[in-house]
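Chain identifiers are assigned alphabetically (A, B, ...) following the order of the sequence lines, protein sequences preceding nucleic acid strands; residue numbering begins at 1 within each chain. Scope of the values below: all heavy atoms of this structure, side chains included, with no hydrogens, waters or symmetry mates.
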There are 2 protein chains.
Amino acid sequence: MIKTRPFSSMATTTRSPSHAQDHILAERKRREKLSQRFIALSSIVPGLKKMDKASVLGDAIKYVKHLQEKIKQLEEQTKKRTVESVVLVKRYHLPAADDDDDHSNSSSNDDAELPEIEARASERDVMIRIHCEKQPGVLAKVLSEVESLRLSIVNSSVLPFGNSTLDITIVAQMDGEFSMKVIELVKNLRLAFLKFM
Amino acid sequence: MIKTRPFSSMATTTRSPSHAQDHILAERKRREKLSQRFIALSSIVPGLKKMDKASVLGDAIKYVKHLQEKIKQLEEQTKKRTVESVVLVKRYHLPAADDDDDHSNSSSNDDAELPEIEARASERDVMIRIHCEKQPGVLAKVLSEVESLRLSIVNSSVLPFGNSTLDITIVAQMDGEFSMKVIELVKNLRLAFLKFM
DNA sequence: CTTGACACGTGACGC
DNA sequence: TGCGTCACGTGTCAA
């Protein structure tokens, strides 16, 4: 087997007599490693029809992109879900765009797990319901917050729901002639949660 | 860069010279395609230090596994965080769903005192909240109705609110693989209430 | 007979 | 100097 001379004219690349075999062996090992990785790659990429290297690479590329896109979607989705429940909450209290709040609005939401807060009032009674993530200290925090609003607590109930959720229901009464719009109440509770979390 | 005359003294496989060039060219194209895919692959795999083929393949493999694992986690998480919720308030119209309901709609409603029913589901847990008029026997009625839906009650709470209102919160669990869309649950409870009141 | 894919040996380049 | 990596041309096998 005689190869035609590549025109480099650099005929003087010393070839080691014994080490030439090393070279061959090393190259063989390298190829072996590559082939192994190709097999490994093709084994974790689902649904490939053609098993040739180009197709494996191509399908792997598509697959990676697909996975990345899916992860992106899932992460957005999880965030959206909490946002939706927040929106539900905001329906009750959204006029928050008032002047008493922080003006640094817009990007103010790092809302990892904002709770859903609902409040209603009947005569002197106020009912507060909070659907939130299970956290140590939430109940105490909420109760003290409620009391700080000059509301005397009549009853409270905490129900675990699912693995990581709490449903807190509180009934309180307003003192004397002091009264508070429920929307203000929800706003205050929400601010307390923002500080707390 | 054309090789002139490789004289074929090889006894085994002799190729026509023009066709040999085709072979070379084709192989070149194939290699080019492979290299291109390698580059493409390495461009979408983040944070790879070594750019040699074996490392690209190896890191791509690790990366794919990492993505798969992450997707698995995210999907589990979203499943946990998925909370279906339906609220039925008087005057609010249910998405009507199927035909199993009474068609005698229209002005048949003396619904002045229909309760507000809300249900949400997370995994096996179901939370039911009913805001209704204070009546003797409501709780028992509601609980038996819930149990008749193959739900085992985990916790229940009844809070008086105002003079004539009750806020009932129930947490129950669905049996085994039996599951029910929350909207069906709300519909059933609503029907029970309609019969009861 | 053509086409495409593969592994091999080999020269070259960079550290 | 050697060691690792690469691209190339080539022979071979299968569709």
task: Using a strict 4.0 Å threshold on nitrogen-to-oxygen distance, state whether A:K70 and A:E75 make a salt bridge.
output: no
message: Take a 6.0 Å sphere around NZ of A:K134 and say whether it holds more than 12 heavy atoms from other residues, nucleotides or ligands.
response: yes
task: Look at B:R190 together with B:E145 and state whether they make a salt bridge at an N to O cut-off of under 4.0 Å.
output: no
Consecutive Watson-Crick or G-U pairs in runs of at least 3, all under 3.5 Å, in which DNA chain C is involved: C:2-15 with D:2-15
- request: Taking only the side-chain nitrogens and oxygens of A:K53, find out if one of them lies under 4.0 Å from OP1 or OP2 of C:dA7.
  value: yes
- request: Taking only the side-chain nitrogens and oxygens of A:S35, find out if one of them lies under 4.0 Å from OP1 or OP2 of C:dA7.
  value: yes
- prompt: How many Å lie between CZ on A:F38 and C1' on C:dA5, as a whole number?
  reply: 12 Å
- prompt: Between atom CZ in B:R28 and atom C1' in D:dC6, what is the gap in whole Å?
  reply: 15 Å
message: From CD1 of B:I24 over to C1' of D:dC8, roughly how many Å is that when rounded to an integer?
response: 9 Å
field: Distance, rounded to the nearest Å, where A:H19 contributes NE2 and C:dT10 contributes C1'
entry: 17 Å
task: Would you kindly compare B:R31 and A:L34 by the position of their nearest DNA chain D nucleotide and give the one closer to the 5′ end?
output: A:L34
query: Any donor-acceptor pair under 3.5 Å between the side chain of A:E27 and the base of D:dC6?
result: yes
- prompt: Whole-Å distance between D:dA15 P and A:K50 NZ?
  reply: 11 Å
